[in-house]
Protein chains: 2
Amino acid sequence: MHTTNRPRVACEHCPLRKLPVFRPFTAEELAYVSRFKRGELLVKTGDLILTEGQHSEQLYTLLSGWAFRYKALEDGRRQIVNYLLPGDLIGLQASTIGEMQHSVEALSSAVLCVFRREQVPELFRSHPELGFDVTWLASREERMLDENLLSVGRRSAFERAAYLLAVLHRRASALGMMKGARPTIPITQQHLADTLGLSLVHTNKTLKRLAAANLIRWHDHACEVLDPAGLTEAAGWSGSRETIRPLI
Amino acid sequence: MHTTNRPRVACEHCPLRKLPVFRPFTAEELAYVSRFKRGELLVKTGDLILTEGQHSEQLYTLLSGWAFRYKALEDGRRQIVNYLLPGDLIGLQASTIGEMQHSVEALSSAVLCVFRREQVPELFRSHPELGFDVTWLASREERMLDENLLSVGRRSAFERAAYLLAVLHRRASALGMMKGARPTIPITQQHLADTLGLSLVHTNKTLKRLAAANLIRWHDHACEVLDPAGLTEAAGWSGSRETIRPLI
DNA sequence: CGTCGGTTTGATCTAGTTCAACCGCCGTGG
DNA sequence: CCACGGCGGTTGAACTAGATCAAACCGACG
C-alpha cells in the first residue's frame, strides 16, 4: 500500500463527478470536500484496506477500482457482505461507532481518497447537507444489504448467482466501467462462493449453467456479463434503477 | 392503527431515556427532539407499519414493543432482514432515498413516536450532533445486517437459530425487557424460519434441539430463553456488548 | 520445470426441503 | 352449547439441492 500526501486529483476535477449518477455539488461544497480530503491511497489486488476489530483513523471514498467488505467466523468460514465501487464510502463504522466490525479488501488495484475520521463531526457541523449525504449513503448501503440478505436467504443458487452478477454489472455500468471491449468483473469463483453462501464447487457448477444459457462467460480470471437483462430475469428480479446519489 | 396527535410522553420524560444504553442528551437537545415529535402511533400485533414501495411521510422511533423489517419476492418467499426494538428508527430510507424498499410489521402491540420526514434536513441543519446520531444509528443497522448475512450465509441451521435468539435476547435485555417472571420473545416459528432462511419444519426441528439442550423453551406462542450464554456459545459467537447509543 | 492459485469434473453423502398428517387451542357462528 | 375452521406447532417419510471428497487440469511465474 502506498500513500501520497498531496492530493493527486482535486475534488473539483474529480473524473467521477462528471458521471450523471452523482448529484451536482455547489462550488462551495466542492471546495469544502476538497479541503476535507487528506490525500490518496493506492492499493493493489488482495491488499487489506481495513481489518475487523481495528479502530481506523481513516475514512475513505473509493475513487477507482473494486473492493469488498467481509466478515469471518473463528473457524475461517467467510461471508462477503457487499462490494465497493467508485464513489462508495469505506470505513464509516469506524467514524461513527468507533470500531470496524468487518474487513475490506481490494479486488483490483484501486485508488482511495483519504479523510480523517475526527473531522467527520466537523463536516456535519459546517455542512449539514453533506452530513445528510453521509446518512443517505449509509441508507443506500442498508438497502443493498437487505437485498443481499433476501437473496442469500430465499433465492436458489441459480437465482442468487444471477442476481449477484446482474447487480454488480448494473452498478459498474452506471459508473461507466462496463464500456470498452469485453469488460469484466474482476472476481474469482471463490469470491462469488463466499458472497452467495455456497461451496466453491457448487458455485462453479452454477456458473457453468449461467454460461450454458449464454448469460455470462468466464475468461482471464474474471466474469464477462453477456446478457444483463437475461441475468436480471433469471434472478427473478425487477431490477431497480441506480438512483442519483451524493459523492463525498 | 390509531394515532394520537398530542404527544402522550414528552421526550423529557421518556421512560426509555433513563436506560443506561442510551447516551444522555442535553436539555437543549431534548427540547428540540420533543418539538420534533409530532405524536404517537399505536399498533397491534400483525399491523403493517410501512410497506415496500411506499413513499412514507413519516419517520418513526419505536417507543415500546417489537417489530420486524422484511422483503418479499414476487412469488411470496419472504425474508425478515432485522428486528426492531424500542429506540430503533423506522423508515429512515423514506427520509433519505425517498422510497421504502422493505416493509415493517408489528410483532406485538407497540407504540411509535412520529416525526415528519420533511423536517429531517432541518434537524441536520439546526442540530448537527443529532444528524450525526442518525448516521450513527444507520451504521449500527448496517452492522447488524452484516452479522445477519454472515449468519444466514455461513452458519449451520443450529448455529443460526442459536445466534438469532441470543441476539434478540441480548438486545431486549439491554432494554430491560427480559426482566419479570418468564419473559419471552413474542415470535412465531414462521417468523424465525423467514429470518433464518430455513423451511418451517426444519426450523421447528432445530428449535426442538435447542430446547432439548435446555437453551430455550417454547410456551404461550413465544420463545423463552433459558440460557443466554449457552445460546451464544452454541452459535459460535463471541457476543459483542450493546454499545451506548443515541435515542432520537 | 515444479509449484501454486484458480478452475473443472465426477462420485458420494447429508443437511435441509417438501409432502402429508395430526394435534391443541381459541374464536365464531349456528 | 357444540361444531367448525384456522392458526401455530409437531412429527415422520421421501426427496433433492447443495456439501464434501478426491482428483485432475491449466496457465503463470519463479
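All values derive from a computational prediction rather than experimental measurement. The figures here come from the full heavy-atom set of this structure, side chains too, leaving out hydrogens, waters and symmetry mates.
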| field | Shortest non-hydrogen separation from B/Glu40 to B/Leu63 and the atoms involved | value | OE2-CD2, 4.0 Å
| query | If you look at every strand shown and take non-hydrogen atoms under 4.0 Å, does B/Gly197 touch a base, only sugar-phosphate, or nothing? | reply | sugar-phosphate
| query | Among the nucleotides D/dA22, C/dA11, C/dT17, which one has an atom lying closest to any side-chain atom of A/Val201? | reply | D/dA22
| said: Rounding to an integer number of Å, can you tell me how far A/Leu196 CG sits from D/dA17 P? | reply: 17 Å
| Any A/Gln189 side-chain N or O less than 4.0 Å from OP1/OP2 of C/dT8 | yes
| field | Nearest-nucleotide comparison on DNA chain C, the residue closer to the 5′ end among A/Thr188 and B/His221 | value | A/Thr188
| query | For C/dT7, does OP1 or OP2 lie under 4.0 Å from any side-chain N or O of A/Asn204? | reply | no
| message | Counting only heavy atoms not in A/Glu224 (residues, nucleotides, ligands), do more than 12 fall under 6.0 Å from its CD? | response | yes
| task | May I have the distance from B/Arg155 (atom CZ) to C/dG16 (atom P), rounded to whole angstrom? | result | 14 Å
| message | Heavy atoms only, 4.0 Å cut-off, all strands: where does A/Leu198 land among base, sugar-phosphate and nothing? | response | sugar-phosphate
| query | Of the non-hydrogen atoms in A/Ala157 and A/Thr206, which two are nearest, and what is the gap between them? | reply | O-CG2, 3.7 Å
| said: In this structure, how many angstroms lie between the C1' atom of C/dT7 and the NE2 atom of A/His191, rounded? | reply: 14 Å
| query | Does C/dT8 have OP1 or OP2 sitting under 4.0 Å from an N or O in the side chain of A/Lys208? | reply | yes
| message | In whole Å, I'd like the distance from the CG atom of A/Leu207 to the P atom of C/dT9. | response | 12 Å
| note | Among D/dT11, C/dG16, D/dA19, the one nearest any side-chain atom of B/Lys205 is D/dT11
| Value in whole Å for how far the C1' atom of D/dT10 lies from CG of B/Leu200 | 10 Å
| request: Could you give me the CA-CA distance, side-chain angles and deciding distance for A/Gln54 and A/Thr51, then say whether side-chain hydrogen bond (donor to acceptor under 3.5 Å, both in side chains) is met? | output: CA-CA 6 Å; A/Gln54 173 189 320; A/Thr51 27; 2.5 Å; yes
| note | Whole-Å distance, A/His202 NE2 to D/dT16 C1', equals 11 Å
| remark: Whole-Å distance, A/Arg160 CZ to D/dA17 P, equals 13 Å
| query | Is the B/Tyr163 ring parallel, tilted or perpendicular to the B/Trp237 ring (thresholds 30°, 60°)? | reply | perpendicular
| To the nearest angstrom, how far is A/Arg154 atom CZ from C/dG16 atom P? | 13 Å
